[in-house]
Amino acid sequence: MTLPERPEPKPGIMEIAAYVPGRESAPGVAKVWKLSSNETPLGPSPAALEAIEAARRHLELYPDGSATSLREAIAEVHGLNPANILCSNGSDELLGLLAQTYLGPGDEGIYSEHGFLVYRIQILAAGATPVVAKEKDERADVDAILAAVTGRTKIVFLANPNNPTGTYLPVDEVRRLQAGLPRHVLLVLDAAYAEYVRRNDYEAGIELVSSSNNVVMTRTFSKIYGLAGLRIGWMYAPAHVIDAVNRVRGPFNVNALAIAAGATAIRDRAHVERAVAHNETWREWLTRELGKLGLRVTPSIGNFLLIHFPPEGGKTAEAADSFLTARGYILRRVSSYGFPNALRMTVGLEEANRGVVAALSEFMGA
Ligand SMILES: *Cc1c(COP(=O)(O)O)cnc(C)c1O
């Protein structure tokens with residue numbers, strides 16, 4: 001047997017297309033609006049920033065490895081048992097930990113056609129095989145996911161609401177999905193945008209986690225809480241899943257500033273309400289105004305919109321992206337999500353929202 005000339009990554013790794021984060025700069029433009037990563041334009045709770053000031057005095061100490069005060073704050077706000085909560089360095093870390101814990105070579109992980117790309121990356125990184133379930137009308141399709149299940153399936157990732165489409169599955173559909181999965185298949189409900197949702201038929205997953213043995217819900221402080229830079233995620237899961245993932249995770253995976261800021265931010269409900277109200281107002285306004293320009297917008301319940309450019313007439317997403325970038329508005333290309341002719345826009349401050357509509361009006365009329 002001939003051995004390789006240099007260290008070789010294990011199978012699957014070189015099939016990964018590295019995640020490309022939203023751009024943050026526009027060369028030569030003075031004022032830049034970053035609307036490419038679904039961050040909140042309102043920033044974090046001021047109380048969370050004060051908590052960081054206090055916590056930064058003792059950075060020589062390791063953080064609490066079980067992030068107790070953060071888990072207790074989350075449990076208090078959501079009415080959960082802290083023993084069923086596990087915190088992480090962003091929820092992306094959790095998606096990887098779950099893949100590492102439940103998937104190996106020969107196993108399959110399912111995600112949906114326009115689903116969040118981190119799922120594919122983490123399935124491949126675990127040495128398993130990604131399986132894509134077709135969507136219907138830019139929404140996850142429960143029947144297609146169930147049809148994709150084989151004897152090798154170990155995990156199903158579902159973002160609800162989904163990024164980049166902003167569409168969602170109502171609670172009865174999520175229940176139907178769980179009921180149709182074999183009991184040994186783990187259903188991961190990624191509810192990164194749950195705090196923004198105001199729909200009676202939506203449930204982030206708490207009830208389903210509590211009533212079953214194969215469902216986990218992941219959440220993040222990166223979106224409505226405005227703490228993306230600190231990296232804080234958490235999951236609510238059955239005790240047996242918490243126990244398994246606790247064995248795999250780094251012993252101090254959540255840093256001290258994150259623990260302090262997160263525990264304070266989640267208790268500032270007024271800040272969350274302000275963010276929801278701002279988002280509702282401007283998401284509806286943007287949907288309407290972009291529609292008037294002849295642009296189709298996928299109905300979104302998140303803090304972002306998927307804007308489709310007409311295939312004919314040369315008004316491509318690529319051209320729109322250059323046009324907007326030159327004016328300081330940075331949106332997100334979504335070709336890698338199967339939308340070569342769409343851009344994703346995060347709902348921003350009034351000035352940014354009006355600016356994008358004015359610029360696109362000019363672009364479409366030109
Ligand atoms: C933004 C986002 C996350 C959050 O990632 P973090 O690692 O917590 O910053 C998770 N899932 C989806 C679908 C997202 O869009």
Side-chain angles (χ1 to χ4, degrees), residues 19-24 32-43 90-92 112-119 135 137-140 158-169 190-199 202 204 218-228 272 274-291 293 295-309 317 320-321 324-325 329-357 359-360:
Y19 188 83
V20 182
R23 282 178 302 128
E24 54 187 3
V32 167
W33 300 95
K34 185 178 183 234
L35 307 169
S36 57
S37 298
N38 298 345
E39 295 136 332
T40 171
L42 305 187
S91 58
D92 280 348
S112 70
E113 189 182 357
H114 304 297
F116 190 41
L117 277 176
V118 169
Y119 310 146
E135 298 196 0
D137 298 329
E138 296 163 7
R139 201 183 81 155
L158 178 75
N160 198 29
N162 184 48
N163 167 19
T165 52
T167 58
Y168 74 110
L169 286 188
D190 175 350
Y193 301 95
E195 292 83 1
Y196 280 110
V197 183
R198 291 294 177 272
R199 291 293 170 107
Y202 174 80
T218 63
R219 302 284 284 258
T220 182
F221 282 77
S222 299
K223 303 290 155 61
I224 208 162
Y225 293 109
L227 293 170
V272 172
R274 273 193 297 276
V276 172
H278 174 88
N279 188 59
E280 296 259 307
T281 303
W282 289 102
R283 186 187 61 212
E284 297 323 306
W285 184 85
L286 282 164
T287 305
R288 212 168 45 237
E289 295 299 319
L290 293 168
L293 301 180
L295 297 167
R296 183 170 73 82
V297 177
T298 306
S300 170
I301 61 164
N303 69 329
F304 54 90
L305 294 168
L306 189 62
I307 308 166
H308 302 265
F309 290 82
D321 189 37
L324 289 166
T325 301
Y329 304 105
I330 304 180
L331 277 63
R332 178 64 167 266
R333 298 282 322 261
V334 281
S335 305
S336 53
Y337 286 93
F339 296 111
N341 225 0
L343 295 177
R344 191 193 67 198
M345 173 187 180
T346 307
V347 174
L349 290 177
E350 172 169 358
E351 190 183 343
N353 299 333
R354 290 193 186 277
V356 169
V357 167
L360 283 178

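- Taking Glu350 as the reference, Trp282, Arg354 meet the side chain to side chain contact (heavy atoms under 4.5 Å, CB included) condition, with sequence neighbours excluded.
- The local environment of CD in Glu351 is sparse, with at most 12 non-hydrogen atoms from other residues, nucleotides or ligands closer than 6.0 Å.
- Between Thr218 atom OG1 and Leu158 atom CG the span is 10.0 Å, to the nearest 0.5 Å.
- In terms of the side chain to side chain contact (heavy atoms under 4.5 Å, CB included) criterion, residue partners of Arg198 (sequence neighbours excluded) are, by chain and number, Glu273, Val276, Glu280.
- In this structure, the separation between OG on Ser300 and CE on Met345 is 11.5 Å, given to the nearest 0.5 Å.
- For Glu289, the side chain to side chain contact (heavy atoms under 4.5 Å, CB included) partners two or more places apart in sequence, or in a different chain, are Trp285, Lys292, Val357.
- Ile307 CD1 to Leu290 CG: the interatomic distance, rounded to the nearest 0.5 Å, is 4.5 Å.
- Using modelled atom types, one side-chain atom of Asn279 and one backbone atom of Gly302 make a donor-acceptor pair closer than 3.5 Å.
- Remark: Thr220 engages Ser222 in a side-chain hydrogen bond (donor to acceptor under 3.5 Å, both in side chains) (not counting sequence neighbours).
- We find the CG-CG distance between Leu343 and Leu306 to be 8.5 Å, quoted to the nearest 0.5 Å.
- Among residues two or more places apart in sequence or in another chain, the side-chain hydrogen bond (donor to acceptor under 3.5 Å, both in side chains) test is passed with Ser335 by Arg333.
- Take Tyr225 and apply the ring-ring contact (aromatic ring centres under 6.0 Å, His included) test, not counting sequence neighbours, and it matches Phe221.
- For Thr325, the side-chain hydrogen bond (donor to acceptor under 3.5 Å, both in side chains) partners two or more places apart in sequence, or in a different chain, are Arg23.
- Glu113 has no carboxylate O lying under 4.0 Å from a charged side-chain N of Arg139, or vice versa, which leaves the two without a salt bridge.
- The salt bridge (charged side-chain N to carboxylate O under 4.0 Å, His left out) test applied to Arg274 returns no partner, not counting sequence neighbours.
- Residues meeting the side-chain hydrogen bond (donor to acceptor under 3.5 Å, both in side chains) test with Tyr329, sequence neighbours left out: none.
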Inset, instruction - Verify side chain to side chain donor-acceptor pair (under 3.5 Å) between Ser112 and Glu135, making sure each step is shown before the conclusion. - result: CA-CA 6 Å; Ser112 70; Glu135 298 196 0; 2.7 Å; yes
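- Atoms CZ and CZ, from Phe304 and Arg344 in turn, are 6.5 Å apart once rounded to the nearest 0.5 Å.
- In this view, Glu39 and Lys34 satisfy the salt bridge (charged side-chain N to carboxylate O under 4.0 Å, His left out) rule, not counting sequence neighbours.
- Using modelled atom types, no side-chain atom of Arg283 and backbone atom of Leu305 make a donor-acceptor pair closer than 3.5 Å.
- In this structure, Tyr168 has no ring-ring contact (aromatic ring centres under 6.0 Å, His included) partners at least two apart in sequence or on a different chain.
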Legend entry - Check against side chain to side chain donor-acceptor pair (under 3.5 Å), Tyr193 and Asn38: CA-CA 9 Å; Tyr193 301 95; Asn38 298 345; 2.9 Å; yes
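- Partners of Phe116 according to the ring-ring contact (aromatic ring centres under 6.0 Å, His included) rule, which considers only residues two or more places apart in sequence or in another chain, are Tyr119.
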